[in-house]
Amino acid sequence: RLGIQDVLKATALHRIPPSSAKWSYVWGSATLTCLVIQVVTGVALAMLYQPSTETAYESLQWISTTAPLGPWLRGLHYFGASGMVVMIVIHMIQVYITAAYKFPREMYWITGVVLLGLSVSMAFTGQLLRWDDVGVWSTYVAAEQMGRIPLVGKAVAYLLIGGETVGGHTLSRFFSYHVFLLPGLLFSFVGVHLYLVLRHGISEPPVVGVCVDPDNDRQVYEERVHKHGIPFFPDAAWRDVVFALVLAATLSALAFFVGAPQLGGPPDPTQIDVVPAPDWYLVWIFSLYALMPPSIDDYVIVG
């Protein structure tokens, strides 16, 4: 009665150009695989985590040391976030190199940039939920950066941390960001992104000397795919499935043998010798802030 079977059949069997059935086209589905891992592990962690200033740190310590499969679960969530950032960056590089962002697929790129920003925001808000000294002081650094925005900086910083200082209200707000607001936006844009793929098709690798004619490109593409195309499942999807399984196994092995980073000390506002450091994929921007002349701080931070 819902018509789901028709939708799934049309999605799985939609035809794609044979030239796009390559291993270099698995990065988008790999990013989606990491997102699924994050959702599953995030729900499991949320059932054990206690988002209050009195119990957050202790509950995360209990997850990391005592809970059945807790260390592996937290490690998988940590490495899943790293994997998602890596996959989405590789995917965007591949889209850029193959010019897949051009007509009629401009919105692929725009929604992809939004998804990158949401993914990094998810990773950043998750750092405070550790509620250790590094996470708390990193949030202070972020609030100071937001405060540099002209005219509205103070209001943006207030909105970010929920007050003048970091406290219980900040933890509640970041928990809401991380569990409700950002995932809702993320799922919405993933839906739009996948819809666009079905609507406009998968871009073929560019050919030297062959130009795109916006007036009849869609008609030419559909005729070519109808005549020479192959069904996405199973002709092309098997590569996505194989790579997804390898990726999940790799992240699981890293979670088991390496594990998530150890927690810092409990948050203590009087402890000022803490060196806040973001997760590895944001270290470059902290390094940039440390190296640039103070006179251009505001411009670079806002930019």
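Here the structure is a predicted model, which means the values were calculated and not measured.
The pair Asp6-Arg1 does not meet the salt-bridge criterion, since no charged nitrogen lies less than 4.0 angstrom from a carboxylate oxygen.
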Could you go through the side-chain contact (heavy atoms from CB on, under 4.5 Å) check for Phe79 and Ile37 one step at a time?
CA-CA 10 Å; Phe79 282 107; Ile37 291 174; over 6 Å; no
Go through Lys22 and Asp235 one step at a time and tell me if the salt bridge (charged side-chain N to carboxylate O under 4.0 Å, His left out) criterion holds.
CA-CA 10 Å; Lys22 299 178 179 179; Asp235 294 39; over 6 Å; no
With ring-ring contact (aromatic ring centres under 6.0 Å, His included) as the criterion, how do Tyr101 and Tyr108 come out once you've worked through the C-alpha distance, each side chain's angles and the decisive distance to 0.1 Å?
CA-CA 6 Å; Tyr101 58 88; Tyr108 284 23; over 10 Å; no
Residue pair Val300, Ile296: steps toward the side-chain contact (heavy atoms from CB on, under 4.5 Å) verdict:
CA-CA 6 Å; Val300 175; Ile296 65 171; 4.0 Å; yes
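For the atom pair CZ (Arg105) and CG (Asp217), the distance works out to 6.5 Å, reported to the nearest 0.5 Å. To the nearest 0.5 Å, the span separating SG on Cys34 from CG on Leu247 amounts to 4.5 Å. Once rounded to the nearest 0.5 Å, the distance linking CG of Leu129 with OH of Tyr177 reads 12.0 Å. How far OG1 of Thr31 is from CD1 of Ile90: 8.5 Å, rounded to the nearest 0.5 Å. Here CD1 of Ile230 is found 8.5 Å from CZ of Arg15. Values are rounded to the nearest 0.5 Å. Note that CD1 of Ile161 and OH of Tyr140 are 6.5 Å apart. Values are rounded to the nearest 0.5 Å.
One N or O on the side chain of Thr139 and one on the backbone of Gly135 form a donor-acceptor pair closer than 3.5 Å. Between the side chain of Arg218 and the main chain of Pro104, no donor-acceptor pair closer than 3.5 Å is present. Remark: the backbone N or O of Pro267 is not paired with any side-chain donor or acceptor of Asp133 at under 3.5 angstrom. The backbone N or O of Asp215 lies less than 3.5 Å from a partner atom in the side chain of Asp213, making a donor-acceptor pair. Counting only distance, with no hydrogens or angles, the side chain of Ser172 and the backbone of His169 share no donor-acceptor pair below 3.5 Å. Counting only distance, with no hydrogens or angles, the side chain of Ser20 and the backbone of Ile16 share no donor-acceptor pair below 3.5 Å.
With hydrogens and angles left out, the side-chain atoms of Thr111 and His193 include a donor and acceptor closer than 3.5 Å. Using a 3.5 Å distance cut-off with no hydrogens or angles, the side chains of Trp131 and Thr53 do not pair a donor with an acceptor.
Of all heavy-atom pairs spanning Thr170 and Thr165, the tightest one is OG1-O, 3.6 Å.
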Which donor-acceptor pairs under 3.5 Å do side chains of residues 145-153 form with protein atoms, sequence neighbours excluded?
from: Arg148; atom 1: NH1; to: Asp298; atom 2: OD1; distance (Å): 2.6

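Listed by first and then second residue, the side chain to side chain donor-acceptor pair (under 3.5 Å) pairs that reach into residues 59-78 are Thr41-His77, Ser64-Arg74, Trp72-Ser252, sequence neighbours excluded. Annotation: ring pair (Phe, Tyr, Trp, His ring centres under 6.0 Å) contacts involving residues 200-250, sequence neighbours excluded, comprise His14-Phe232, Trp23-Trp238, Trp27-Phe243.
Taking a 6.0 Å sphere around CZ of Phe189, one finds it holds 12 or fewer heavy atoms contributed by other residues, nucleotides or ligands. Residue Tyr96 qualifies as open at atom OH: its count of foreign heavy atoms under 6.0 Å is 12 or below. No more than 12 heavy atoms of other residues, nucleotides or ligands shown are found within 6.0 angstrom of CZ on Phe256. Atom CD of Glu222 has more than 12 neighbouring heavy atoms from other residues, nucleotides or ligands inside a 6.0 Å radius. Counting heavy-atom neighbours within 6.0 Å of Tyr195 OH, excluding the residue itself, gives a total of 12 or less.
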